[in-house]
Amino acid sequence: MSEPEHSRIDRYEPTAIEPRWQQRWAELGLHDTDLTDDDRPKFYLLTMYPYPSGSLHIGHWYIMTPTDALARFHRMHGENVFLPIGFDSFGLPAENAAIKNKIHPRAWTSANIDKMRRQVRTMGATFDWQSEIVTCDPDYYRWNQWIFLKFLAAGLAYRAKSPVDWCPNDGTLAREQVEGTDRHCWRCGARVEKRDLDQWYLRTTKYADELLDFSGIEWPEPIRIMQTNWIGRSEGAEVVFTTAADEAQPGADEEPSGREPDGDVPAGRELRVFTTRPDTLYGATFMVLSPEHALVPKLTHPDRAAEVGAYVTEAGRQTEIERMSTEREKTGVFTGSYAVNPVNGERIPIWIADYVLAGYGTGAIMAVPAHDERDFDFARKFGLPIRRVIAGPEVSDAEVSVPLEEAYIAHGTTDRMVNSGTHTGLPAKEGFASIVAMLESQGKGAASVNFRLRDWLISRQRYWGTPIPVVYCEMDGIVPVPEDQLPVRLPETVDYEGRGENPLKSDAAFVNTTCPKCGGPARRETDTMDTFIDSSWYWYRYLSPSYSSAPVDRSIEARWCPVDQYTGGAEHAVMHLLYARFFTKALADVGLVHEREPFKRLFNQGQILGADGERMSKSRGNVQDPDEIVSRYGADAVRLFLMFMGPWDQGGPWSPTGIGGISRFLNRVWYAALDPHGVEAGDPESGALPANQDVAAAEKALRKAAHKTLRAVSVEYAELRFNTMVAHLMELSNLLQRYRGTAVAGGAAWNEAMRLMLLMLAPAAPHIAEELWSRLAEARGEVPRGGEAPRGGDVPRGGEAPRGGEAWSSIHTQAWPAVDEAAAAENEREVPVQVNGKLRDRVTVPIGLPEAELERLVLARPKIVAALESKTPLKVIHAGGKLVNIVVR
RNA sequence: GCCGACGUGGCGGAACUGGCAUACGCGCUCGACUCAAAAUCGAGUGACCGUAAGGUCAUGCGGGUUCAACUCCCGCCGUCGGCACCA
């Protein structure tokens with residue numbers, strides 16, 4: 001700023017202003033929501049609660065500050081806004097820190113939360129801290145246990161065996177703890193194995209169909225598609241094959257594995273497969289089981305046991321992603337056994353291959369190489385027969401046995417069935433129903449719906465999570481811990497012994513207990529719950545954080561749910577957001593809540609990456625700490641800068657180079673507000689109106705700009721398009737700058753534009769807006785509410801405010817202004833004129849000029865005459881008065 | 001690999017429903033102010049040709065639809081997110 005100004009008025013110093021207003025807002029209770037107030041419409045605004053990883057990074061600002069702007073925007077519309085916050089504080093990093101630094105997970109977590117709470121406060125965000133929740137508090141996780149017991153009673157929780165990645169030294173490993181292509185343990189380097197453990201599941205699949213229904217919620221289409229694909233509903237049939245009798249089959253006495261000598265004769269055993277293409281059943285030339293399939297040991301011929309055994313072990317080392325890749329070369333081994341195709345009695349070989357997954361369908365497939373790409377590749381590689389059973393009209397009957405060059409996947413309406421016994425000649429689209437009917441009549445199969453979605457495995461072999469509230473009794477088996485004995489507390493002293501394995505297992509005081517049923521000795525479950533459980537219902541707990549008879553007070557839930565707007569990272573598009581929907585439906589079914597969908601509207605913002613374009617992480621050393629930039633430019637500038645850098649759902653690499661522009665913008669608003677008559681020493685034009693404008697025209701132009709800005713900005717806030725919202729405010733600021741020091745400055749139109757400017761700025765940059773609002777209020781002769789100046793003594797004040805002045809009130813309690821449509825109205829429009837789609841001229845015409853007149857005017861323009869080169873227009877396109885395009889040849 | 005998104009000046013991005021490509025900001029250049037510098041203010045700034053008027057080209061690449069395509073369709077390439085024990 002120039003020297004004269006410097007001496008006349010205060011500089012804009014955000015760090016002097018911001019803490020003062022943050023404190024003042026807290027005193028005013030601006031953040032605290034009265035959940036029982038039903039005079040105003042409610043607006044439940046939820047943002048994904050942070051994991052207390054250590055300290056706040058710029059990504060947290062990116063998530064939270066635009067959300068706060070939205071909260072403030074809705075408050076100005078008279079809504080009762082609830083914006084809670086908490087900490088998602090169970091999880092692996094706390095345990096990793098514990099192992100590494102010999103610090104208790106709780107101590108580490110608590111210290112991080114304390115630090116992050118302080119840092120969050122510097123945002124100036126209006127979080128309601130009264131309703132804060134911390135998921136590792138027993139007061140929170142007891143309700144995880146309570147809910148688990150309700151689910152258990154309702155049959156929504158069950159126990160089953162499931163493989164985990166296992167290190168002989170460190171126990172179960174999380175995916176991120178398995179490293180390298182050889183899949184070794186991150187801590188000790190040992191080769192990771194698979195081990196089957198009894199674990200707890202939640203029955204998410206029960207809700208598969210309901211989860212596919214998004215009617216009634218306004219979620220972005222990409223998210224709906226991703227969830228739909230994740231659930232992966234497919235209609236098809238289950239087909240029963242039977243194992244073939246054959247002298248080459250191993251008999252009952254020579255079980256190759258020796259593990260299940262139960263005397264079953266493999267011949268005649270049922271082998272169920274799921275297929276989406278029952279119409280191709282006659283083309284099944286072999287079967288493939290997943291390496292983990294229960295019948296593999298029984299079906300393996302002794303000659304092949306070594307090969308099969310090796311293959312099964314190797315398959316266990318692969319990740320599912322590797323196994324599903326359609327790109328890499330197919331692998332597999334023959335078991336030595338055969339199965340019988342139920343429709344034609346054909347004997348086909350049974351193979352195992354890793355591209356068949358145990359967790360999908362029945363873990364076994366019928367392979368139809370002619371009509372499935374993966375089966376085709378497999379058959380090609382291992383020399384298995386390929387038989388066409390579906391043909392398009394371009395294939396004659398004589399050609400149906402010509403070898404295929406690639407799998408024929410198409411399923412057109414003109415396709416017909418070939419090589420299909422009694423079905424040959426039938427239109428292919430009828431084959432599905434026809435073959436299913438035949439199978440059903442013979443008891444060899446039935447129509448079936450299959451989902452890719454699996455039940456949710458919630459057991460974790462870890463300390464830092466919610467203990468699963470069951471005990472194991474020799475007499476009574478699995479016994480739920482009675483509700484009145486909740487919470488099952490995590491022991492506070494644990495010894496990690498430098499190992500990664502769950503220390504609960506070796507904690508005798510925790511493990512040894514008595515059976516609630518018989519009073520005899522029993523063991524506690526030592527597994528804890530997946531932390532996604534915590535985040536699957538936390539927005540309910542916010543509503544009644546100290547309610548002691550249930551997770552949530554149903555009367556408050558009824559009023560406040562569903563959440564009106566949820567904001568959070570796109571990386572949660574599937575898992576968290578699907579679990580949350582599942583939980584809501586399940587909780588509704590056990591009678592805890594009313595709504596079946598948790599979040600009415602969803603917005604997934606993008607991720608802020610490190611300066612290197614990579615995800616921010618401590619190990620990469622690219623984490624951006626906001627504190628320094630906030631102390632230099634102020635919270636308002638950082639908030640605005642994050643909103644301005646691009647569409648909110650896009651994210652991007654962090655680079656602070658442009659923040660100076662935001663800072664300049666705020667400074668210009670500051671001086672325009674406080675010193676409208678100042679002139680710019682460096683600008684010879686400063687203080688003079690544009691040559692073609694008088695005061696009246698300038699005031700009209702300013703009012704028009706202000707109200708047009710308001711119209712745009714109102715929509716942009718509501719639609720979370722903050723980047724263009726800021727751009728529009730900058731444009732208005734540029735116009736104010738143009739008129740600063742002129743006869744317009746300080747007049748009625750100027751004051752109106754400035755007032756609108758501050759109101760529009762208030763949600764996004766709340767401190768400077770409040771400060772200027774307050775100072776202009778004093779200038780208007782209003783007195784602060786409560787008789788005390790809302791700012792410190794650092795600014796000279798011109799004595800007492802006059803008595804009888806209107807009471808000052810926070811800008812954040814003002815009503816959002818209304819657009820003056822008359823002021824914003826345009827009466828002229830500049831119409832671009834094209835010849836053959838190329839811009840040749842522009843004409844300014846009155847709004848509503850008839851097309852015929854516009855056309856006459858346009859065709860007379862010298863530039864257009866020249867461009868037409870005396871050719872006759874074929875057609876003149878009027879794009880609704882927005883553009884004229886003259887087509888010539 | 002599968003699912004989803006994205007690709008526009010030197011950089012972040014705008015163009016919302018097919019209708020003026022490059023709003024707004026950064027950076028850069030020049031100028032004003034200053035003894036000077038910083039800061040501030042003003043002007044300019046897609047590329048190429050041209051003194052200019054003006055013209056041609058340009059939204060990842062290749063095709064297509066249309067009077068008109070950043071936008072719609074087909075096929076590629078690249079980047080990012082998710083893939084069920086990171087949260």
Side-chain angles (χ1 to χ4, degrees), chain A residues 1-3 5-6 48 50-51 53 88 90-93 96 164-165 172-178 221-223 225-226 228-230 232 319-328 359 453-454 456-462 530-532 535 569-576 578-579 604 606-607 609 613 615 617 641 644-647 649-653 655 657-662 664-665 667-668 671 679-686 715-716 719 721 723-724 726-731 734 737 830-834 836-839 842 874-877 879-880 882-887:
Chain A
M1 66 235 60
S2 57
E3 283 300 315
E5 280 179 348
H6 195 161
M48 290 180 189
Y51 179 78
S53 54
D88 184 18
F90 271 139
L92 202 52
N96 292 344
V164 296
D165 286 321
T172 306
L173 298 181
R175 172 146 298 177
E176 64 164 19
Q177 296 174 324
V178 179
E221 176 152 13
I223 308 290
I225 292 171
M226 273 191 270
T228 300
N229 292 337
W230 179 271
T319 67
E320 263 182 39
I321 292 170
E322 288 163 350
R323 286 175 56 165
M324 285 188 299
S325 171
T326 51
E327 200 76 336
R328 67 176 192 157
L453 181 71
R454 308 201 282 253
W456 179 7
L457 172 68
I458 61 161
S459 294
R460 298 291 181 269
Q461 292 77 49
R462 312 201 174 281
D530 183 359
T531 56
F532 271 120
S535 55
E571 68 274 21
H572 294 294
V574 182
M575 298 181 66
H576 160 61
L578 196 66
Y579 292 145
N604 285 128
Q607 261 186 334
L609 307 171
R615 250 182 107 155
S617 74
F641 180 58
F644 184 59
M645 60 182 268
D649 56 9
Q650 190 173 298
S655 162
T657 38
I659 197 168
I662 295 287
R664 274 190 279 280
F665 160 64
N667 267 291
R668 281 192 286 258
Y671 289 111
V679 288
E680 295 301 340
D683 176 15
E685 304 274 304
S686 182
V715 172
E716 285 160 340
E719 296 182 359
R721 294 191 345 248
N723 57 330
T724 51
V726 176
H728 279 123
L729 292 184
M730 285 174 165
E731 284 184 83
N734 290 344
Q737 175 76 17
E830 188 180 60
V831 178
V833 185
Q834 300 179 331
N836 281 345
K838 282 193 198 298
L839 181 70
R842 300 165 205 271
L874 287 174
K875 206 184 334 178
V876 178
I877 313 262
K882 277 184 290 186
L883 170 144
V884 175
N885 187 15
I886 304 161
V887 185

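Please read all numbers here as calculations on a predicted model, not as lab measurements. Every chain is numbered from 1 and lettered A, B, ... according to where its sequence line falls, protein lines coming before strand lines.
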What interatomic distance, in whole Å, is found between [atom1] of [M] and the corresponding atom of [N]?
N: B:C76; M: B:C70; atom1: P; answer: 23 Å
N: B:C72; M: B:U17; atom1: C1'; answer: 12 Å
N: B:C26; M: B:C16; atom1: P; answer: 24 Å
N: B:G12; M: B:G64; atom1: P; answer: 31 Å
N: B:C2; M: B:A21; atom1: C1'; answer: 36 Å
N: B:C24; M: B:G78; atom1: P; answer: 36 Å
N: B:A14; M: B:G25; atom1: P; answer: 15 Å
N: B:A23; M: B:G18; atom1: P; answer: 23 Å

Answer with base, sugar-phosphate or nothing: what part of the nucleic acid does [X] contact at a heavy-atom distance below 4.0 Å?
X: A:Pro647; answer: sugar-phosphate
X: A:Ile877; answer: base
X: A:Glu719; answer: nothing

inquiry  = Does the plane of the ring in A:Phe532 sit parallel, tilted or perpendicular to the ring in A:His572? Use 30° and 60° as the thresholds.
reply    = perpendicular

request  = List the protein contact pattern of nucleotides 23-28 of chain B with one symbol per nucleotide (5' to 3'): B for base contact, S for sugar-phosphate-only contact, - for none; contact means a heavy-atom distance under 4.0 Å.
outcome  = BBSSS-

Could you tell me how far apart [X] ([atom1]) and [N] ([atom2]) are, to the nearest whole angstrom?
X: A:Leu578; N: B:C3; atom1: CG; atom2: P; result: 18 Å
X: A:Leu839; N: B:U56; atom1: CG; atom2: C1'; result: 14 Å
X: A:Arg721; N: B:A14; atom1: CZ; atom2: P; result: 10 Å
X: A:Leu874; N: B:U66; atom1: CG; atom2: P; result: 16 Å
X: A:Phe665; N: B:C41; atom1: CZ; atom2: C1'; result: 17 Å
X: A:Gln650; N: B:C6; atom1: CD; atom2: C1'; result: 7 Å
X: A:Asn836; N: B:U56; atom1: CG; atom2: C1'; result: 16 Å
X: A:Glu221; N: B:C3; atom1: CD; atom2: C1'; result: 14 Å

request  = Check A:Thr228, A:Val574, A:Asn604 against A:Ile223 for a side chain to side chain contact (heavy atoms under 4.5 Å, CB included) and give me the one that passes.
outcome  = A:Asn604

[atom1]-[atom2] distance between [X] and [Y], expressed to the nearest 0.5 angstrom:
X: A:Gln834; Y: A:Ile886; atom1: CD; atom2: CD1; value: 9.5 Å
X: A:Ser535; Y: A:Asp530; atom1: OG; atom2: CG; value: 8.0 Å
X: A:Asn734; Y: A:Glu731; atom1: CG; atom2: CD; value: 7.5 Å
X: A:Ile659; Y: A:Phe665; atom1: CD1; atom2: CZ; value: 13.0 Å

query = Where does B:G9 land, syn or anti, once you apply the within-90°-of-0 test for syn?
reply = syn

Pairs: protein N or O with nucleotides 78-85 of chain B N or O, under 3.5 Å:
| residue | atom | partner | partner atom | Å |
| --- | --- | --- | --- | --- |
| B:G82 | OP1 | A:Arg615 | NH1 | 2.6 |
| B:A84 | OP1 | A:Arg175 | NH1 | 2.2 |
| B:A84 | OP2 | A:Arg175 | NH1 | 2.9 |
| B:A84 | O5' | A:Arg175 | NH1 | 3.4 |
| B:A84 | N6 | A:Arg452 | O | 2.8 |
| B:A84 | N1 | A:Arg454 | N | 3.1 |
| B:C85 | OP2 | A:Arg460 | NH2 | 2.8 |
| B:C85 | O4' | A:Arg460 | NE | 3.1 |
| B:C85 | O4' | A:Arg460 | NH2 | 3.4 |
| B:C85 | O3' | A:Arg175 | N | 3.3 |
| B:C85 | O2' | A:Arg175 | N | 2.6 |
| B:C85 | O2 | A:Arg462 | NH2 | 3.0 |
| B:C85 | N4 | A:Gln199 | OE1 | 3.1 |
| B:C85 | N4 | A:Gln461 | OE1 | 2.9 |

task = Using the closest heavy atom to pick a nucleotide of RNA chain B for each, name whichever of A:Pro832 or A:Met645 lands nearer the 5' end.
result = A:Met645

ask   = So which one's nearest nucleotide on RNA chain B is more toward 5', A:Gly837 or A:Gly652?
value = A:Gly652

Which atom names give the shortest non-hydrogen contact between [X] and [Y], and what distance separates them?
X: A:Asp88; Y: A:Thr531; value: OD1-O, 4.3 Å
X: A:Gln461; Y: A:Thr172; value: OE1-OG1, 2.7 Å
X: A:Gln177; Y: A:Asn96; value: NE2-OD1, 3.6 Å
X: A:Asn836; Y: A:Asn885; value: N-OD1, 3.5 Å
X: A:Leu839; Y: A:Pro832; value: CD1-CB, 3.6 Å
X: A:Met730; Y: A:Ile662; value: CE-CD1, 3.7 Å

key: Residue pair A:Val726 / A:Phe641, side-chain heavy-atom distance below 4.5 Å   = no

ask   = Can a donor-acceptor pair under 3.5 Å be found between the side-chain atoms of A:Asn885 and the base atoms of B:C67?
value = yes

message = Would you say A:Lys838 places a side-chain N or O within less than 4.0 Å of OP1 or OP2 belonging to B:C57?
response = yes

key: Bracket notation of RNA chain B in which parentheses pair within the strand, [ ] cross earlier pairs, and | pairs with another strand (Watson-Crick or G-U, under 3.5 Å)   = (((((((..(((......[....)))((((((.......))))))((((....))))..(((((..]....))))))))))))....

